[in-house]
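Below, all heavy atoms of this structure are taken into account, side chains as well, without hydrogens, waters or symmetry copies. Order of the sequence lines fixes the chain letters, A, B, ..., with proteins taken first and strands second; residue numbering starts at 1 for each chain.
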Amino acid sequence: GQQLNQSPQSMFIQEGEDVSMNCTSSSIFNTWLWYKQDPGEGPVLLIALYKAGELTSNGRLTAQFGITRKDSFLNISASIPSDVGIYFCAGLGRETSGSRLTFGEGTQLTVNP
Amino acid sequence: IAGITQAPTSQILAAGRRMTLRCTQDMRHNAMYWYRQDLGLGLRLIHYSNTAGTTGKGEVPDGYSVSRANTDDFPLTLASAVPSQTSVYFCASSDTSKGSNSPLHFGNGTRLTVT
């Protein structure tokens, strides 16, 4: 089946630094989604991307849908302590059902004050 | 507050016992999903339902069953729990009537430990 490679697996940064994480796949996706999971909670949608080349921002977060449809990145600018959590990318392939959503393994972000 | 409610929040279960994880959504989403989350493996789809009355198998369906008698409820049953089913289970829903690429909304999870 389709697989997503998400990197890095973990990051330890200082407050105020910028962060970048990405996902790549050997398969083409029609939709890329980025989620954040806080401890003890379910993932929450941050950004959704629907077109190749699309660049979308949500506050300090910026994500892009790669031109090849096989990759996406998420940037966080001027990180703050509440950015701590696990960030997941997810891709939806050619199948028409949401059941074909594939998740990356996640990036654990730690922000030191 | 609209969203997804999962119960119980956590459970310790003896191997061989039967267990049903409950999931209810009040957003009238047509599609619902069950995922398990394990360290280093991300989220893996167990079963899904595109609409009330239908279900389908995901990536890791063995040992689990689901039913979708109505739009709001999507229970997940472990008929005879085994230790490898120790995990955090997330229920999710999406409104695919707005498009097949509608994002998923997640519950807060059920932490299950099988001893």
Notebook entry, point to check: Can you pull the disulfide (SG to SG under 2.5 Å) pairs that have at least one residue in residues 15-71 of chain A, sequence neighbours excluded?
Noted result: A:Cys23-A:Cys89
Next item on the list: Measure the CG-OG distance between A:Leu92 and B:Ser94 for me, rounded to the nearest 0.5 Å.
Entry: 9.5 Å
Item checked: Contact winner vs chain B - A:Gly106, A:Pro43, A:Ala48, heavy-atom pairs under 4.5 Å -> A:Pro43
Margin query: If you compare all heavy atoms of A:Gly42 against all heavy atoms of B:Asn108, which two are closest, and at what distance to 0.1 Å?
Written below: N-OD1, 3.4 Å
Notebook entry, point to check: Within a radius of less than 6.0 Å around CZ of B:Arg17, do more than 12 heavy atoms belonging to other residues, nucleotides or ligands occur?
Noted result: no
Item checked: hydrophobic_cluster_shared for B:Phe106 and B:Phe74, side chain cutoff 4.5 Å -> no
Margin query: More than 12 heavy atoms of other residues, nucleotides or ligands under 6.0 Å from CD of A:Glu17: yes or no?
Written below: yes
Check: At a heavy-atom separation under 4.5 Å, does A:Gln6 approach chain B through its side chain, its backbone, both, or neither?
Finding: neither
Notebook entry, point to check: If Ile, Leu, Val, Met, Phe, Trp and Tyr residues are connected whenever their side-chain heavy atoms lie under 4.5 Å apart, and connections chain through other members, are B:Val66 and B:Leu104 in the same group?
Noted result: no
Next item on the list: Can you establish whether the number of heavy atoms outside B:Arg44 located under 6.0 Å from its atom CZ is more than 12?
Entry: yes
Item checked: Euclidean distance, B:Leu39 CG relative to A:Glu105 CD, rounded to 0.5 Å -> 11.0 Å
Check: What distance separates B:Tyr35 OH from A:Leu101 CG, expressed to the nearest 0.5 Å?
Finding: 4.5 Å
Next item on the list: Would you mind reporting whether B:Gln37 and A:Phe103 have side-chain heavy atoms less than 4.5 Å apart?
Entry: no
